[in-house]
Amino acid sequence: MGGIQLIIRVRFTKLGYLKYLSHLDLVRLFTRSFSRSNVPIKYSEGFNPHPRFSIGNPLSLGIESESEYMDVELNDEISPIDFMNRMNGVLPKDIQIINAEFIDEKESLSSIIKWSHYEIHLWIDNEEKRIGFQAELDKFLQFEQVKIFKKKKKSKNKIQTEVNIVPLIGNVIFKGIDEDGYVVLNSLLRSGESGNLKPIELVTAINEKIEAGINLEMTRIKRLDAFAETEGNIYRPL
Amino acid sequence: MINKYKLDSILMKVEKPARYIGMEQNVILKDLDRTKVNFAFSFPDVYEVGMSHLGMHILYNLINGNEDYACERVFAPWVDMENQLRESKLPLFTLESKEEVKKFDFLGFTLQYEMSYTNILNILDLSQIPIHSKDRDESHPLVIAGGPCAYNPEPLWEFIDIFVIGEGEEVTLELMDLYKEHKERGYNKAQFLEEAARNIRGVYVPLFYDVDYNEDGTIKSRRELIEGIPSVIEKRMIRNLDTMFSPEKMLVPYMETIHDRISMELFRGCTHGCRFCQAGMIYRPIREKSVDRLLELAEKLVESTGYENISLSSLSSCDYSQLHLLISSLMDRFEDKKVGVSLPSLRLDSVSIDILKEIEKVRKTGLTFAPEAGSQRLRDVINKGVSEDDLVNAVSYAFKEGWSKIKLYFMIGLPTETDEDVLGIKRLAYLVKDLFFNRPKEEKIGNFSVTASASCFVPKPFTPFQWHGQDTIEEFNQKIKLVRDEIKDNKVSFNYHDPKVSYLEAIVARGDRKISKLLYKAWENGCKFDGWSEHFKYETYLSTLAELNLDGSFYANRKRTFDEMLPWDFINPGPSKKYLINEYTKALKGETTRDCRLGCTGCGIKDCAMWGVFN
């Protein structure tokens with residue numbers, strides 16, 4: 001024992017109403033599911049052993065995702081297909097593992113993930129503004145500085161800091177208008193410990209800066225994927 | 001189904017949206033257009049509380065077990081969700097199909113505590129269903145209610161179409177069967193209610209009865225308004241717990257709830273005969289499940305839920321006649337699966353501790369005992385059959401085994417109570433402390449603390465104390481102060497319940513039909529979640545009582561005479577009124593009554609299932 005670490009990296013979905021599960025609820029769900037599926041997961045030592053797994057880059061409550069990533073430590077080898085099948089047999093249909101592979105990476109998911117790719121649905125009441133959104137968006141993307149206030153917790157105090165979000169935006173692409181009349185965007189945003197922009201913060205900033213007339217409450221967001229970045233290479237964690 | 005986009009936008013704005021989404025493991029989702037009778041089951045409190053209630057899991061699986069029937073859940077939305085629903089004009093919906101509650105055939109409430117009653121009115125209103133029974137017709141769900149508090153249905157008489165008295169497994173299905181028949185030939189509410197009231201045992205339709213009052217406000221007489229319905233409602237009771245329906249699945253919430261574990265009923269009923277305890281009277285006679293049946297159920301429940309703890313829940317679980325065999329069998333069977341067993345209530349004896357030692361392998365957390373009263377004299381009055389020696393033995397044993405945190409439960413305001421009895425609470429807490437610190441140095445394990453908790457006694461219907469006048473709020477406060485001022489030790493803490501809540505609870509628990517007006521007005525004036533201290537509006541209740549010209553002390557503090565007709569006297573719970581009178585009389589003299597396992601005490605139950613076993 002000791003030397004070799006068996007780590008399986010999985011990609012899973014979080015769809016439909018299950019987007020309302022908090023990160024803590026999700027951790028509890030996986031804890032129960034590992035035990036129910038009888039996969040050979042490693043437990044921590046001590047009085048209250050818990051399964052060893054870590055979910056990269058927690059998703060905000062209310063955002064769906066097609067690609068969440070998690071590293072799971074195992075005691076015994078098991079084929080990734082077998083792992084997936086056993087887990088999917090006990091997981092709900094909206095949270096399913098869609099890919100799994102052993103990795104020999106040392107770095108944690110949360111330290112390598114730097115970008116998230118989102119699909120954003122916006123509702124704009126005013127038809128003129130809706131149709132003209134592309135042009136307005138282009139204007140927004142010309143700004144060299146867009147400042148927003150971000151709330152931060154420092155020890156016990158909540159403080160507000162002003163942040164220029166432009167460096168945190170990878171891209172914002174107008175995809176068109178869907179059959180229900182929503183404006184659809186795709187956007188790559190910085191994500192993780194070294195810089196983070198929430199999609200709703202981007203939408204709020206767009207709305208303020210170019211007076212787009214977006215009904216913020218009706219915004220629907222889905223994470224499409226997450227990307228790692230090391231030494232200038234951008235790649236999928238799996 | 002309600003508007004999905006609207007729902008989505010309001011769920012984004014509430015604190016814990018997972019309360020409203022359903023979709024848990026073992027959820028049952030049926031096509032409501034294809035089932036014949038649809039039942040919305042409501043526990044009138046917030047999701048986390050309701051999901052911890054075993055009865056809900058039983059009825060949910062029982063009803064859904066019939067392919068013609070569907071059962072879906074609805075809980076009281078928390079205040080933030082209520083505001084969102086009202087603002088967006090969305091009606092309340094069930095967790096499974098997100099279907100409007102008002103479209104169901106039945107809306108059934110479980111009545112577990114009186115302080116949830118205003119939530120029932122709020123749920124009806126949020127569902128856009130008329131609150132009064134008389135205002136509802138064939139286009140609305142039939143509103144039914146059951147559970148322990150249904151033994152005094154009168155405070156809710158204007159709102160509920162049908163009460164079912166006693167255990168619900170059989171009678172719920174009988175009602176649904178009858179409804180299905182009526183629906184097939186054209187449902188007429190009045191006809192259905194009549195037939196249910198006439199032919200189904202345990203059914204009470206309050207609109208079919210009238211009550212006259214004396215000048216002093218007490219009840220003069222009751223009469224039936226239609227022919228052929230019973231004047232006395234007999235409670236329902238399942239005779240054989242092994243053959244009755246028991247759930248093999250439980251819904252497993254995503255959110256953390258009060259009881260995140262399997263709950264398994266060992267038996268119903270209780271033989272101790274504590275005189276303050278309503279459950280101990282109304283669930284008689286005692287009936288056990290067999291060890292074999294329990295092991296079979298445990299196996300299936302562990303398999304279907306993945307839970308790692310089984311709680312053995314009953315009124316006094318340590319009384320189970322085969323407890324040792326059951327626990328060792330469970331431990332054997334689930335050893336490799338890391339499934340633990342827990343007991344929610346402990347008797348004050350070393351046998352209980354032995355069992356506890358066996359099951360509590362990991363951490364020795366706190367232990368809770370319930371002496372209920374501070375002096376032996378008062379424990380005899382309430383017929384709580386434990387002595388100070390029992391407490392000393394149990395606690396000493398617990399310390400020896402490594403426990404160091406003890407909780408003691410008491411009630412204040414019990415009949416005949418004196419200051420000396422009240423100070424007994426402090427005395428026992430200090431006794432426990434001394435037992436710990438007088439141990440040899442090497443045996444003082446852990447960080448000691450003792451907590452004495454006092455609740456304010458609420459006399460309940462169908463107990464020997466149903467005639468007793470509750471202490472006034474001032475008396476409660478004096479007694480609380482007496483104990484609080486005497487406890488000056490940082491290892492000993494004292495908690496107590498708010499006497500104001502207990503006062504209201506006493507008004508409603510022994511209320512008559514006039515109390516329905518109080519509930520309605522109080523709800524109109526903003527009362528809900530009365531069991532939550534941050535929402536309880538005492539001043540509003542007081543002003544509402546005044547507004548309606550009702551005297552709270554008439555219900556809470558007045559001592560009744562034996563010949564008074566009590567609002568719930570038309571229900572037969574099993575034990576006879578004669579027995580209750582006799583018990584009250586003995587109580588006042590400090591005489592005890594033995595555990596009826598040791599020989600029948602003549603409570604009046606005909607054909608007691610355990611008579612042959614105990615006699």
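The sequence lines fix the lettering, A, B, ..., with proteins before strands; numbering per chain opens at 1. Computed over heavy atoms, backbone and side chain alike; hydrogens, waters and symmetry mates excluded. What you are looking at is a predicted structure, and each value in this text was computed from that prediction instead of being measured.
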In this structure, which one of A/Gln134, A/Lys175, A/Arg130 forms a side chain to side chain contact (heavy atoms under 4.5 Å, CB included) with A/Val183?
A/Arg130
Using heavy-atom distances under 4.5 Å, tell me whether A/Phe34 contacts chain B through its side chain, its backbone, both, or neither.
neither
Within a reach of under 6.0 Å around CD1 of A/Ile81, are more than 12 heavy atoms found that belong to other residues, nucleotides or ligands?
no
Between B/Tyr20 and chain A, with a heavy-atom cut-off of 4.5 Å, which part of the residue counts as in contact: side chain, backbone, both or neither?
neither
Strictly below 4.0 Å, N to O, side chains only: are B/Glu256 and A/Arg28 in salt-bridge contact?
yes
Chain B contact via A/Leu61 - side chain, backbone, both or neither, heavy atoms under 4.5 Å
both
Please classify the contact between B/Glu24 and chain A as side chain, backbone, both or neither, with a heavy-atom cut-off of under 4.5 Å.
neither
For the candidates A/Met218, A/Lys19, A/Arg36, which exhibits the highest count of non-hydrogen atom pairs separated by less than 4.5 Å from chain B?
A/Arg36
B/Phe448-B/Phe436 aromatic ring centre distance below 6.0 Å
yes
Which atoms of B/Lys13 approach chain A - backbone, side chain, both or neither, heavy atom under 4.5 Å
side chain
Salt bridge present between B/Asp8 and B/Lys4 (N-O < 4.0 angstrom):
no
Identify which part of A/Asn38 has an atom lying under 4.5 Å from any heavy atom of chain B, answering side chain, backbone, both or neither.
neither
Heavy-atom pairs under 4.5 Å with chain A: which of B/Pro17, B/Gly306, B/Gly22 has the most?
B/Pro17
Under a 4.0 Å N-O cut-off, is there an ion pair linking A/Lys129 with A/Glu136?
no
